[in-house]
Amino acid sequence: MAKVRGAIVVDNELCKGCGLCVVACPTNTIAQAKEVNGKGYNYAYMENPEACIGCANCALVCPDSVITVYKVKVS
Amino acid sequence: MAKVRGAIVVDNELCKGCGLCVVACPTNTIAQAKEVNGKGYNYAYMENPEACIGCANCALVCPDSVITVYKVKVS
Amino acid sequence: MADIDIKDIIREENLVYKKTDVLTDNVMHYCPGCSHGVVHKLVAEVIEEMGIQEQTIGVSPVGCSVFAYNYIDIDWSEAAHGRAPAVATAIKRLMPEKFVFTYQGDGDLASIGAAEILHACNRGENIVVIFINNAIYGMTGGQMAPTTLVGMPTATSPYGRQIDLHGYPMKMTEIVATLPGTCFVTRQSVEKAAAVRKTKKAIRKAFENQKAGKGTSFIEVVSTCSSGWKVNPVKANEWMTEHMFPFYPLGDKKDCEKDPAEDYEKYMKG
Amino acid sequence: MADIDIKDIIREENLVYKKTDVLTDNVMHYCPGCSHGVVHKLVAEVIEEMGIQEQTIGVSPVGCSVFAYNYIDIDWSEAAHGRAPAVATAIKRLMPEKFVFTYQGDGDLASIGAAEILHACNRGENIVVIFINNAIYGMTGGQMAPTTLVGMPTATSPYGRQIDLHGYPMKMTEIVATLPGTCFVTRQSVEKAAAVRKTKKAIRKAFENQKAGKGTSFIEVVSTCSSGWKVNPVKANEWMTEHMFPFYPLGDKKDCEKDPAEDYEKYMKG
Amino acid sequence: MGELRLMKGNEVIAEAAIRAGADGYFGYPITPQSEIMETLMVRKPWEETGMVVLQAESEVASINMVYGGAGCGKKVMTSSSSPGVSLMMEGISYIAGAELPCLIVNIVRGGPGLGTIQPSQADYFQSVKGGGHGDYRLIVLAPNSVQEMNDHVGLGFDLAFKYRNPALILSDGVIGQMMEKVELSDYKPRLTEEEIIEKYGDWAHIGKPANRSQNVVTSLELQSEIMEKRNQHLIEKYASMQEDVMYEEIMTEDAEYLFVAFGSSSRICQKAIELARAEGIKVGLFRPITLFPFATNQLKELGQKMKGILTVEMNAGQMVEDVKLAVECKVPVEWFGRFGGIIPSPQEIVDALKHKIIGG
Amino acid sequence: MGELRLMKGNEVIAEAAIRAGADGYFGYPITPQSEIMETLMVRKPWEETGMVVLQAESEVASINMVYGGAGCGKKVMTSSSSPGVSLMMEGISYIAGAELPCLIVNIVRGGPGLGTIQPSQADYFQSVKGGGHGDYRLIVLAPNSVQEMNDHVGLGFDLAFKYRNPALILSDGVIGQMMEKVELSDYKPRLTEEEIIEKYGDWAHIGKPANRSQNVVTSLELQSEIMEKRNQHLIEKYASMQEDVMYEEIMTEDAEYLFVAFGSSSRICQKAIELARAEGIKVGLFRPITLFPFATNQLKELGQKMKGILTVEMNAGQMVEDVKLAVECKVPVEWFGRFGGIIPSPQEIVDALKHKIIGG
Amino acid sequence: MTEEIIIAGFGGQGVLSMGKILAYSGVMQNQEVSWMPSYGPEMRGGTANVTVILSDEKISSPIVNTYDTAIILNQPSLDKFEEAVKPGGVLLYDPNGITKPPTRTDIKVFKVEAAEEAAAMGNMKIFNMIVLGAYLKIKPVVKMENVMKGLEKSIPARHHHLLPLNEKAINKGLEVVKEVK
Amino acid sequence: MTEEIIIAGFGGQGVLSMGKILAYSGVMQNQEVSWMPSYGPEMRGGTANVTVILSDEKISSPIVNTYDTAIILNQPSLDKFEEAVKPGGVLLYDPNGITKPPTRTDIKVFKVEAAEEAAAMGNMKIFNMIVLGAYLKIKPVVKMENVMKGLEKSIPARHHHLLPLNEKAINKGLEVVKEVK
Ligand SMILES: Cc1ncc(C[n+]2csc(CCOP(=O)(O)OP(=O)(O)O)c2C)c(N)n1
Ligand SMILES: Cc1ncc(C[n+]2csc(CCOP(=O)(O)OP(=O)(O)O)c2C)c(N)n1
Ligand code: SF4
Ligand code: SF4
Ligand code: SF4
Ligand code: SF4
Ligand code: SF4
Ligand code: SF4
Ligand SMILES: [Mg+2]
Ligand SMILES: [Mg+2]
């Protein structure tokens, strides 16, 4: 059975910490960092990288288009 | 049997000769004069005074409110 | 047939119809047969019948009826082109006990003043709007209006209104009927006595609504402009009956009295 | 579970989603979570997918999205408050082979610009209108918009919108759907991935309509303004889902593809 | 002494309107003056004095609501900023033509077009010469402090009613956004219906009793002979406003040079005077408070004694024309200004005085 | 020689626009200029040259359509009369701020407000000083014959594109409604897409090819430093327009007195010169053809030789300020005018010269 | 030569087009011309007038207050313009509908029964052409051939078949005009 | 006495209200005051600043280009305003987030770890009151009783229960401010 693994790259410095990706992720992959970036925002990051299925939901809802999504099939 | 007779008074000088009363009259009482009034309009008048039933249709449609209507019951 | 002399009929006691005193004695500047005259009379008669001459403020537009104030004997404001609903809004809000109505042409109300009428109706301003739709700009010499029918020639559509060039004729009455601020929206005409009677009833109802604080009442009167249309008044009425009525069907579009609650709920539910 | 290193996933060949090149690299000035950002992206993606970046002219409004031109990498005109539909009308009529869209807020489109949008839609201008309804004036600091819900507090209705004072919230989408010039009228949202996908489809369809010369396509996006609403972006989406959607129900209001003839006839018959 | 507060100029406009017994405010949001309507909405004067406050659909609607309200003999007002005021030009011309009293507040921002929201004085011509069509004039007041923002609301209404003419407060973000101490005016009750009938019953559309003829508010007159008489009457009215001219002279007794400046730039000029006098330059300030009527005679008398005059404006040189006309070109008159939202610094002004006037 | 016709001024505007290769006209009916759009609609230029003609929903929409069209690098125009032009003030300020070329025609009627439809020159200030907000200037042309109505359309477009600035033809019902002989201009083809790319590809929004950066038409600039630079650039541009100043001198060689008048009143002044000279009064006429740029230097040179100057305007005295400023108050300058739709008679003008200047 | 003419009557009497034909005739013989109509509220049912100037020189003002000739077609116009005829000038009128005829003695007064003649010719539309003929008899400021050219220029091509009728009407006017002494 | 102060930082740090309290304190002791904020595009997430002037005389210009005191709460503000402090004047800053500290030697530089102290006190909202306290230590231009009165006047009545906490924060500021030598 083919399985899917995904990963996202968030541009930390451009993320505004709105948290929309966090709630959009079906797999609870994302969380907001405790630290803030240069603009004072708690940027998003993969808290549970293994959970990501590369569905791109997070990227779709991100208003600042700072998420890039990758996906591979693993068998 | 009670019958109705009517009559209208047209203010000749103010009539603009639009002819709307003529077509509104159910009894063909009204016609437009061959002569024109001071403003050059062929004013309306009772051509068949006996026909008038005082229904006021003519007055209702007159844009310049220059028709006064009278009505009596005659037995 | 009982023989009776005309002189015996034409007597004070036999009077059944005369010009209302709420109309002034000024000779109207309108062209022969112009619908404006009939509607002026009806507004004046309703004001007389309701005994509200001292409490009524009219707002006249820019259009042939700009001089409405010369004919209906009440206090008036002459509004800038299209802005009568804004003017009336302020008058009514500042003097809520008064009766306030706008009297507007189709160029005035549907073209340049589209935003103002839409918003006044949407706010549900407690006013009466009389909308004279003669499908043309009468005053400026017969240019195309937003309500000009497809194919109808005007000074700015000499070959007739074409959809691709000028767009569709607009049905403002149907649009304002969708707004929850309006309580009574109707389309009438004055080409024959029966129609005149109905229109008067509608105007009366509109003013009664205002008295009862029900919101905006909107009365379109499908009208003629023989000068703009370049036909005589009798022909104009015929043309209107044949061509305007099918596109602008007469009748009430909305009457909150009939079911105010349902209406409101429908809107709020979307 | 197959074990694979993150680094092996994050590889060019595994890329499934990245920011479109039609978006510039400028950092958007919008507040965190603002819906404008999402919709900008969708417009940019559609332009990219259709390959029309060189032929598309955008018209930005006065509102928070006034600077849309800083973000979508095409030629733009910044329009006066409310007048984007007039600006777009001229651009499209003078360059019919180009793709032209307006991008407008609710204050811009439904309040000051009500006449212009109504008439552009009525003329059936062959343009796309993107209408961001966040129920508030974002740019000027959170004042009441024509679309502000009843009871919703804003800077100019601090105790919530009251019908008697401020009138009803307006449903522009329902209004323009009644106009025969529009070919596709829909209401969408971008609060979750599925909604984003649907909205993008709608935008794509709108541009395809323009290509096919079908008239005005009008896409309302029910949006949030966390700054104006004074809640965080996640809560804003929740609030929108709970309060805005019932009043502004999502979905297509009109799609001429489905039955253009019937629609037209219905209008012409009244 | 009235109530002392620390308030923003914009907020004061709102508060002063309520206290002046205003009957209605109609407006549309625009930076940097939205606080005026916001303050009113928070204050809810309709519950207190009965004043109507309405957010209109646009500035075009606002000014026409003002027209409607003013026609009722009511004290009504609107406020906006430059682009919004431009949209009011037709309406303002109507109000002036129909001779209605009202108050318009313009918190000017830099133009042309959408421009900038920063302070500017570039709407001088529009306000003073008439940006709308036809020969008309507004009464134009230029406050230079938060206190005057308060005072000019009452004054503006008073003059508007005295002359049956629109009055305009021309200010900008400096005065509108700034907080200063302000002594608020006492409450003045709104006029009752009876009072309005008594005072304005000869022209206001307030319902026509049987014993008088119609009151019609209109600016239309198709007969040229009558229209010309109306214009003539207006011209005479505008000339008569000279009796209400207002201006201020600061440190002019011994002055050899003169700044002429209004509104916020007059504040900067005061600082510039301090700096210049510290260097031994005897300079004073002539500040027109009413921009229309303009203090032509007073400026002529004072100005012609000077060695030179520098007009300081946050625009490309507008009032300078009226200054030249006032002193009849008998003294060198130059202009100095910054624009686009930039506020000149006191030192720049002193430097300009040196270069353009003293050394020039 | 071009085609000779007997035509109304308004009709000529329409015809000249087609022949000038105009791409679009957007307008709204208003007396006394509706013939412009009507003539276009009858002529159907879209079938001939491809010119777009659209009746807009209002003057506000018209001017914003012009803004949109001008941004495409197209030759676009609108026309209206005073109240309609007042409604365009915001849009005109935007066009000036965004530096777009276009042509606006104002066939002035008497104001303020709805006023009268008869001829007037009371929109001088609005046109020349800027009725909209912010520091901007229009190129203002004042034709005084039907022939110039033709000529100024082409000229207006040329200057508008030369300076990327709106041009305005300020005329009135005298010239608009009158028929005179006119030699129509030859047809000039509309620019092709390629030509527009070549000429205006650096600023017009015509679709962004991969090899250039975005063209954005906007008047917005929130950074004051940049905004001030934009204003500075505009000021310099307006000053540079002096090279295109136009004026006419009639019988000034031996003149001791001078009429200054533009547009239709300059025609009446010509008749007045005939009458005055018959009485032995040596009077000439200085006619500014461009009201902005104003022929300040030329008028200064000529005017300062005179014993006195009478400015004749169909308004309450507007251009007279610019005349005074031009001659630097060195010569008595007085104003004579009629207004409200009344046209002064030649004899009245001669009388005014005698009373206000010669005897005064 | 400069001829300053006012033509005034009711709207619908062809006042403006008569002026236009006259002006066009001037153009045809290389004169300078101007045609300045009244416009506006007088349009609807009211009076209409037009000032036509024909001149060998450039025309200064298209608006004048006194006229060499006044052509008057109704009473209100007579009331308004009789005084404006220059001493020694010409007043031509159609007596139909005139209740108070002109009284000035320092000018030459002519009348033409144009309405009557038009009715007799069975076509009220040529009324103004009869008046034009009458005027040209009194003041042959333009040659007949140029009048016909002017006429051709000023009426739409689809009406060119009416040219002979118009010519007949003009000739009728030349015939029937009479000086009132 | 005239004290011209600029307070500058991020939006949300309480820059404007700190200035307001200061200004109100001046009012309470009968001084002339002005409070002139930056406004506009800087609002959203950007920087905010306010010029406060306290004086015994009438204040001429509410806008000045040099300051007696600059209170600086982030790096961009430091970059912008360090140069604007008059020679001999005061620069007070919170080092939190400051990467390039002030370098001028002709002015007195102070620092207050207000963010840190506020966090320690468990309430970020009193951050600006700590800064205010620090300022008052350096320049006691207003009496503490008037500051408390000013505070009372400038915060809504429903928040008056927070006055003691604010007082505590001000006192903390008085305590922890340090001159940087
Ligand atoms: C701002 C402005 N634009 C245009 C006009 C010219 N104008 C006067 S009336 C009118 C239209 C009248 O048409 P409508 O409203 O349909 O009234 P009607 O004359 O047909 O009754 C127009 C465009 C004006 N007076 N003001
Ligand atoms: C003529 C004019 N009036 C008012 C304004 C001020 N203004 C700027 S944006 C805006 C409203 C913005 O609200 P909306 O259109 O809903 O856009 P949002 O910011 O919510 O996206 C207003 C009133 C202006 N710039 N011009
Ligand atoms: S791609 Fe899908 S699973 Fe992965 S982080 Fe984004 S939303 Fe979550
Ligand atoms: S949606 Fe985008 S901006 Fe918002 S937190 Fe996630 S990555 Fe950051
Ligand atoms: S009252 Fe009736 S019957 Fe008599 S004339 Fe009038 S319409 Fe005819
Ligand atoms: S309807 Fe009236 S105006 Fe018309 S013809 Fe009859 S009476 Fe005369
Ligand atoms: S032009 Fe038309 S609307 Fe105007 S008065 Fe004449 S008929 Fe009536
Ligand atoms: S104010 Fe509202 S609409 Fe504007 S950027 Fe912020 S969240 Fe978006
Ligand atoms: Mg109409
Ligand atoms: Mg919004």
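Each chain gets a letter, A, B and so on, in the order the sequences are listed, and its residues count up from 1.
With a 4.5 angstrom heavy-atom cutoff, Asn237(D) touches chain A only via side-chain atoms. Both the backbone and the side chain of Ala59(A) come within less than 4.5 Å of a heavy atom of chain D. In this structure, chain A has a heavy atom under 4.5 Å from the side chain of Val27(D), while its backbone stays farther away. Only the backbone of Cys55(A) comes within contact range of chain D, judged by heavy atoms closer than 4.5 Å. For Leu15(D), the parts lying under 4.5 angstrom from a heavy atom of chain A are both the backbone and the side chain. Both the backbone and the side chain of Val61(A) come within contact range of chain D, with heavy atoms under 4.5 Å apart.
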Please list every donor-acceptor pair under 3.5 Å in which a side-chain atom of residues 47-54 of chain D meets a protein atom from a residue at least two apart or in another chain.
{"from": "Glu48(D)", "atom 1": "OE1", "to": "Thr20(D)", "atom 2": "OG1", "distance (Å)": "2.9"}
{"from": "Glu49(D)", "atom 1": "OE2", "to": "Lys200(D)", "atom 2": "NZ", "distance (Å)": "2.5"}
{"from": "Gln53(D)", "atom 1": "NE2", "to": "Asp73(D)", "atom 2": "O", "distance (Å)": "3.0"}
{"from": "Glu54(D)", "atom 1": "OE2", "to": "Ala210(F)", "atom 2": "N", "distance (Å)": "3.3"}

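Contact of the Val190(D) side chain with the Leu42(D) side chain is registered, since non-hydrogen atoms from C-beta on lie closer than 4.5 Å.
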Q: Verify salt bridge (charged side-chain N to carboxylate O under 4.0 Å, His left out) between Lys205(D) and Glu257(D), making sure each step is shown before the conclusion.
A: CA-CA 11 Å; Lys205(D) 179 170 188 155; Glu257(D) 234 163 53; 3.8 Å; yes
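Within the structure, side chain to side chain donor-acceptor pair (under 3.5 Å) pairs that include any residue of residues 7-28 of chain A comprise Lys16(A)-Asp64(A), Thr27(A)-Thr29(A) (at least two apart or interchain).
Ring to ring, Tyr30(D) and Tyr71(D) are close: their centroids are under 6.0 angstrom apart.
Taking Asn57(A), Val9(A), Val69(A) one by one and counting their heavy-atom pairs under 4.5 Å with chain D, the maximum is reached by Val69(A). Chain A forms the most heavy-atom pairs under 4.5 Å with one residue out of Lys18(D), Arg197(D), His36(D), Lys41(D), and that residue is Lys41(D). Ranking Ile6(D), Asn14(D), Val38(D) against chain A, the residue ahead of the rest is Asn14(D), based on heavy-atom pairs under 4.5 Å.
Taking the charged nitrogens against the carboxylate oxygens, Lys19(D) and Asp25(D) do have a contact shorter than 4.0 Å, which makes a salt bridge.
For Asp5(D), the CG atom is densely surrounded, since the number of other residues' heavy atoms within 6.0 Å is greater than 12.
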